[in-house]
Amino acid sequence: MITCFIRYEIDPFKRQAFADYSRNWGQCIPRCGADLIGYFGPHEGSATTAYGVYNIESLAAYEAYRQRLSADPLGKENYVFAQRERFILKEDRIFLKNLSTPHLEGTKP
């Protein structure tokens, strides 16, 4: 399992557009085969940094997932929406592997 971290630089005056974009991915990404952890937008501090995070089985699975995502009607619409509204100024993507598993289950006092 690998985790994709997408770091976005967004227009601070178009935060609502990024929120709408994020909610759309909340529908598309799981439907197309990735385990979406979530999209995270500015709350306190930076008004321009946001993240999208999801798990995928492998880079080969990622390639198949990207094809399904680009064919998904809402996925297509979301790509067009982002291009038209230009709320994403920069996007960086990195794939990382979780090295700390297995985690100790939490204890309750």
Side-chain angles (χ1 to χ4, degrees):
M1 186 69 64
I2 55 176
T3 303
C4 179
F5 291 84
I6 308 168
R7 182 185 181 280
Y8 296 96
E9 181 181 331
I10 62 171
D11 183 328
F13 300 103
K14 296 182 178 181
R15 288 169 46 177
Q16 185 56 52
F18 184 79
D20 295 341
Y21 173 82
S22 299
R23 276 190 295 280
N24 288 339
W25 286 138
Q27 303 302 308
C28 298
I29 289 173
R31 180 172 54 233
C32 291
D35 174 24
L36 179 64
I37 295 168
Y39 268 71
F40 303 86
H43 176 69
E44 185 69 31
S46 172
T48 61
T49 302
Y51 291 91
V53 183
Y54 61 87
N55 293 315
I56 192 90
E57 197 175 298
S58 65
L59 288 176
Y62 171 74
E63 293 302 325
Y65 152 78
R66 292 286 292 182
Q67 288 179 356
R68 289 189 299 274
L69 194 63
S70 66
D72 184 273
L74 184 55
K76 286 180 186 180
E77 183 180 313
N78 219 25
Y79 286 127
V80 169
F81 172 59
Q83 290 173 348
R84 183 182 66 240
E85 298 300 320
R86 298 179 177 257
F87 50 86
I88 298 172
L89 306 176
K90 185 177 177 185
E91 178 179 334
D92 294 310
R93 187 177 312 263
I94 187 171
F95 294 89
L96 301 174
K97 185 172 181 158
N98 187 338
L99 302 177
S100 65
T101 56
H103 298 146
L104 177 66
E105 289 194 34
T107 58
K108 295 181 182 179

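This chain uses plain numbering: 1 for the first residue, then up along the sequence.
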With a 6.0 Å cut-off (strictly less than), is the heavy-atom count around [atom1] of [X], excluding the residue itself, greater than 12?
X   : atom1 : result
E91 : CD    : yes
R86 : CZ    : no
H43 : NE2   : no

Starting at [atom1] of [X], measure out to [atom2] of [Y] and round the result to the nearest 0.5 Å.
X   : Y   : atom1 : atom2 : answer
Y51 : D92 : OH    : CG    : 9.5 Å
R31 : R68 : CZ    : CZ    : 12.0 Å
Q27 : D72 : CD    : CG    : 10.0 Å
K97 : M1  : NZ    : CE    : 10.5 Å
Q67 : C32 : CD    : SG    : 11.5 Å
R15 : S22 : CZ    : OG    : 12.0 Å

- Hey, what else clusters with F81 if you join Ile, Leu, Val, Met, Phe, Trp, Tyr whenever side-chain heavy atoms sit under 4.5 Å?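 I2, I6, Y8, I10, F18, Y21, W25, I29, L36, Y39, Y54, I56, L59, Y62, Y65, L69, Y79, F87, I88, F95, which link up through side-chain heavy atoms under 4.5 Å apart, make up the rest of the cluster.
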- Message: Which Ile, Leu, Val, Met, Phe, Trp or Tyr residues join L74 in one cluster when any pair of side-chain heavy atoms under 4.5 Å counts as a link?
- Response: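 Taking Ile, Leu, Val, Met, Phe, Trp and Tyr as members, L74 stands alone, with no cluster partners.
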- Task: Could you check if a side-chain atom of L89 sits within less than 4.5 angstrom of a side-chain atom of K14, using non-hydrogen atoms only?
- Result: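 Heavy-atom side-chain distance check fails, nothing below 4.5 Å.
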- Measure the shortest side-chain to side-chain distance between I37 and T3 over non-hydrogen atoms and say whether it is less than 4.5 angstrom.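 Contact flag for I37/T3 side chains = yes.
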- Task: Quick one: closest heavy-atom pair of E57 and A61, and the distance?
- Result: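 Heavy-atom minimum between the residues: CB-CB, 3.9 Å.
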- Item | Over all atoms of both residues, closest heavy-atom pair of A50 and P42 |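 The pair with the smallest heavy-atom distance is CB-CD, 4.3 Å.
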- With side-chain contact (heavy atoms from CB on, under 4.5 Å) as the test, would you mind laying out the steps for H103 and N98 before giving the verdict? CA-CA 11 Å; H103 298 146; N98 187 338; 3.9 Å; yes
